[in-house]
Engineer: 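Below is the structure I would like to discuss, written out as structure tokens.
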Amino acid sequence: MRRRGGAAISIDGLSRTFMGTLMPRYNSGNEARFSVDLVAGARVCDVSTTVDPRGGSLSGRPTGDGDTSVDPVMGVKFRHAFDDGFYPAGWAFVCGLGVSSDSLSDVMAGVGYDFNDRHSAFGNYRAVSVDCASDGFVWDVKQKSPIIGAVFRF
């Protein structure tokens, strides 16, 4: 149903997100097949959202907002290699801590397969939760998704 004369008939929206993390790690595992890494560093989050009303009195008046935050990040990564080439792996990170973001968590777990010393493939499930607010911009998002990928070591 299309209303005429209202604020908008339809609204187009676009949201873009970038996350980049720099984390030196300390390997605390003593065995070659099992490793636990303690990590600490910084994460950059950049988000922008644009809303563009179509039709009605607001047509042609796009509006948007966004924010960039840099937060400390710390956590743990693990990996255990089995003799048959399979390995479970994962991580758990906490970020933000009230510096730029109120909170940000990043959890991933899955399984991979080493074809040889340089090539592997993996399937994981990852969940990222962000709670950030500054200057009237609020970004409260939970993103969850399976991940399939490949690793090439040089």
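Every value quoted in this text rests on a predicted model; they were computed, and no experiment measured them. Note: hydrogens, waters and symmetry copies are ignored here, and every other heavy atom, side chains too, is used. Along the sequence shown, the residues carry numbers beginning at 1.
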Engineer: Closest approach of G110 and N124, non-hydrogen atoms and distance?
Structural biologist: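 Shortest heavy-atom contact: CA-OD1, 3.1 Å.
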Engineer: Quick check: closest heavy atoms across G41 and P24, and the distance to 0.1 Å?
Structural biologist: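 Closest heavy-atom pair between G41 and P24: CA-CD, 4.4 Å.
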Engineer: For the CZ atom on R16, are there more than 12 heavy atoms of other groups (residues, nucleotides or ligands in this structure) within a distance under 6.0 Å?
Structural biologist: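 No, the 6.0 Å shell around CZ holds no more than 12 heavy atoms from other groups.
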Engineer: Pick out which of Y113, F152, F154 makes a ring pair (Phe, Tyr, Trp, His ring centres under 6.0 Å) with H119.
Structural biologist: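 Exactly one option meets the ring pair (Phe, Tyr, Trp, His ring centres under 6.0 Å) with H119, and it is F152.
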Engineer: Distance check, rounded to the nearest 0.5 Å: S35 atom OG versus K77 atom NZ?
Structural biologist: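 Between atom OG of S35 and atom NZ of K77 there are 8.5 Å.
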Engineer: Looking at D83 and R33, is there a salt bridge between them, counting it only when a charged N and a carboxylate O are closer than 4.0 Å?
Structural biologist: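 Answer for the salt bridge query: yes.
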Engineer: Between V73 and V39, is any pair of side-chain heavy atoms under 4.5 Å apart?
Structural biologist: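 Not touching, per the 4.5 Å side-chain cut-off.
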Engineer: List the atom of P88, the atom of F82, and the distance in Å for their closest heavy-atom pair.
Structural biologist: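 In terms of heavy atoms, the two residues are closest at CD-CE1, 3.3 Å.
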Engineer: Spell out, yes or no, whether V44 and V130 are grouped together once hydrophobic residues are joined by side-chain heavy atoms under 4.5 Å, including indirect joins.
Structural biologist: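 Cluster IDs for V44 and V130 differ.
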Engineer: Should we say atom CG of N116 is surrounded by more than 12 heavy atoms from elsewhere, each under 6.0 Å from it?
Structural biologist: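 Buried by this count: over 12 neighbours within 6.0 Å.
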Engineer: Provide the closest heavy-atom pair for D84 versus F86 in the form atom of the first, atom of the second, distance.
Structural biologist: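 Looking at all heavy atoms of both residues, the closest pair is OD1-N, 3.1 Å.
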Engineer: From S145 OG over to M108 CE, what is the distance, rounded to the nearest 0.5 angstrom?
Structural biologist: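 Nearest 0.5 Å value for the OG-CE distance: 12.5 Å.
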Engineer: First locate atom CG of L14, then atom OG1 of T49, and finally report the distance between them rounded to the nearest 0.5 Å.
Structural biologist: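 Going from the CG atom of L14 to the OG1 atom of T49 covers 8.0 Å.
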Engineer: Are F115 and V111 linked, directly or through other ILVMFWY residues, by side chains that come within less than 4.5 angstrom of each other?
Structural biologist: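 Same cluster: F115 reaches V111 through Ile, Leu, Val, Met, Phe, Trp or Tyr contacts under 4.5 Å.
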Engineer: For side chain to side chain contact (heavy atoms under 4.5 Å, CB included), just list the numbers for F122 and I147, CA-CA rounded to whole Å, side-chain angles, deciding distance to a tenth of an Å, and then say yes or no.
Structural biologist: CA-CA 8 Å; F122 61 86; I147 301 170; 3.8 Å; yes
Engineer: Quick one: CZ on R79 to CG on D114, what's the gap to the nearest 0.5 Å?
Structural biologist: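 Result: 4.5 Å between the selected atoms.
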Engineer: Which heavy atom in S120 sits nearest to a heavy atom in R153, and how many Å separate them?
Structural biologist: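 Looks like OG-NH2, 3.5 Å.
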Engineer: When clusters are formed by joining ILVMFWY residues with side-chain heavy atoms under 4.5 Å apart, either directly or through shared neighbours, do V47 and V141 land in the same one?
Structural biologist: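 Same cluster.
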Engineer: According to the interplanar angle, ranging from 0 to 90°, do the rings of W91 and F93 count as parallel (below 30°), tilted (30 to 60°) or perpendicular (above 60°)?
Structural biologist: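 Judged by the thresholds at 30° and 60°, the geometry between W91 and F93 is parallel.
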Engineer: Answer yes if V76 and Y125 sit in the same cluster of Ile, Leu, Val, Met, Phe, Trp and Tyr residues linked by side chain heavy atoms under 4.5 Å apart, and no otherwise.
Structural biologist: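 Result: no, two separate clusters.
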Engineer: Quick check on the hydrophobic clustering: are Y26 and V36 connected, directly or via other members, by side-chain heavy-atom contacts under 4.5 Å?
Structural biologist: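 Yes, one cluster joins them.
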Engineer: Out of curiosity, S129 OG to D140 CG, how far, rounded to the nearest 0.5 Å?
Structural biologist: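 With rounding to 0.5 Å, OG (S129) is 7.0 Å from CG (D140).
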Engineer: Can you tell me how far apart CG (D106) and CZ (R126) are? Round to the nearest 0.5 Å.
Structural biologist: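 Nearest 0.5 Å value for the CG-CZ distance: 4.0 Å.
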